[in-house]
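Take a look at the structure below.
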Amino acid sequence: MWGSCLLSQPPLHAQNSTQLKVETGYVTSNDGVRLYYAKVGSGSKTVIMPGRLFAFRDFQRLANGRTLIFYDMRDRGRSDALVDVSRISLQHDADDLETVREHFGIKKPDLIGFSYLGKIVVLYAIQHPDHVNRIVQIGPVARKLGTKFPDTLTAGDENKVPDPAETRKIEELYNNGFAKDHPKEYCEMEWKIEQQRMVGNPANTSRIPSPCDMENEWPIHLWTHFRPLLASDQALDIPKESIAKVTAPVLTIHGRKDRNAPYGGGREWDMLLPNARLITIDGAAHMSWVEFPEIVFPSIDLFLNGQWPEQAEPVKHLELPGGAGVQP
């Protein structure tokens with residue numbers, strides 16, 4: 001198991017966010033949507049990470065020697081809610097990343113993208129190659145939505161976790177109007193089920209904070225958000241030739257138990273990207289940093305400092321040779 005000696009910040013359970021001065025505010029997109037941001041640190045190197053709502057608490061530890069800018073995507077977190085769903089798409093998210101970069105005047109930031117934002121940061125690098133230094137993907141979704149990977153490259157229990165019976169009950173409540181009448185209460189109920197999907201060890205579900213204090217994250221709103229977002233993802237087929245032109249170094253961290261974004265997706269990205277390496281964590285699901293901070297954060301810290309972590313390996317084949325991964 002990797003130690004946390006590579007980071008001068010304390011480990012996850014000891015991290016005290018009050019030690020860092022936090023600047024918050026809004027950046028306005030080209031079409032008038034206000035994007036909520038939180039900025040910490042004052043280092044000469046800048047990291048931009050969309051997804052403040054689920055990353056800010058834990059990723060602040062990377063502020064040692066860096067400036068970190070987190071922001072919520074449009075219609076998510078504390079950013080402006082949208083009624084016009086035509087303004088929700090992966091391309092809008094990529095454009096918003098450029099808006100944030102321009103607002104803060106950062107010529108070549110490092111980028112960190114989790115889940116579908118792992119696709120966004122690569123899409124951004126294709127469209128803005130001169131404005132990217134290094135890229136980190138954590139549990140990225142596949143290049144093409146709906147890609148079927150071999151069973152060995154999936155969690156294998158997607159139909160069992162969360163418990164299908166619990167999922168049916170929560171869906172019935174939604175269909176019966178409970179979510180509309182009690183949106184926050186329903187959010188907390190739904191989140192307790194969703195937490196199970198996010199971790200490899202069910203004992204770790206409580207490590208994931210609830211997003212239900214933000215109205216945009218209430219399922220009554222969020223599920224409406226995902227319809228146009230997923231439709232835009234379905235329509236997006238990033239050419240392999242375009243991916244091959246991304247010269248920025250890319251570190252991908254992916255758990256073998258990821259039920260939200262199959263592990264095969266991370267391997268495929270690293271096969272296609274010319275300067276990429278992959279860290280495989282056998283016991284991790286989608287939010288790998290929650291369960292394995294001693295692997296994830298030292299790896300990112302080292303990579304952003306210009307070095308490849310020892311366990312990061314180039315991917316030459318989609319299939320996993322020998323079933324090997326990082327053993328926590």
A quick test of your reading: do over 12 heavy atoms of other residues, nucleotides or ligands sit less than 6.0 Å from CD of Glu98? yes

In this structure, are over 12 heavy atoms from other groups packed under 6.0 Å from Asp237 atom CG?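 More than 12 heavy atoms, drawn from other residues, nucleotides or ligands, come within 6.0 Å of this atom.
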
Is there a donor-acceptor contact under 3.5 Å linking the side chains of His221 and Thr224? no

Taking atom types as modelled, find out whether Gln127 and Gln91 have a side-chain donor-acceptor pair closer than 3.5 angstrom.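 Yes - a donor-acceptor pair under 3.5 Å links their side chains.
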
Nearest 0.5 Å, please: how far is CG in Leu318 from OG1 in Thr152?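 One finds 8.0 Å between OG1 of Thr152 and CG of Leu318.
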
Quick check, are the ring centers of [X] and [Y] under 6.0 angstrom apart?
| X | Y | value |
| --- | --- | --- |
| Phe178 | His182 | yes |
| Phe70 | Tyr37 | no |
| Phe149 | Tyr263 | no |
| Tyr124 | His131 | no |

Charged N to carboxylate O under 4.0 angstrom, [X] versus [Y]?
| X | Y | result |
| --- | --- | --- |
| Asp163 | Lys169 | no |
| Arg74 | Asp93 | no |
| Glu268 | Arg143 | yes |
| Asp31 | Arg87 | yes |
| Glu217 | Arg76 | yes |

On the six-membered ring of Phe303, is Arg134 placed so that its NZ or CZ lies under 6.0 angstrom from the centre and within 45° of the ring axis?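 Yes, Arg134 sits over the ring of Phe303.
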
Could you give me the CA-CA distance, side-chain angles and deciding distance for Lys108 and Asp130, then say whether salt bridge (charged side-chain N to carboxylate O under 4.0 Å, His left out) is met? CA-CA 7 Å; Lys108 294 189 71 169; Asp130 295 333; over 6 Å; no

Go through Asp72 and Arg34 one step at a time and tell me if the salt bridge (charged side-chain N to carboxylate O under 4.0 Å, His left out) criterion holds. CA-CA 10 Å; Asp72 289 338; Arg34 296 186 312 153; over 6 Å; no

Salt bridge (charged side-chain N to carboxylate O under 4.0 Å, His left out) assessment of Arg259 paired with Asp157: CA-CA 8 Å; Arg259 307 176 185 98; Asp157 62 358; 2.9 Å; yes

Checking ring pair (Phe, Tyr, Trp, His ring centres under 6.0 Å) for the pair Tyr36/Tyr71: CA distance, chi angles, key distance, verdict? CA-CA 6 Å; Tyr36 182 79; Tyr71 71 94; over 10 Å; no

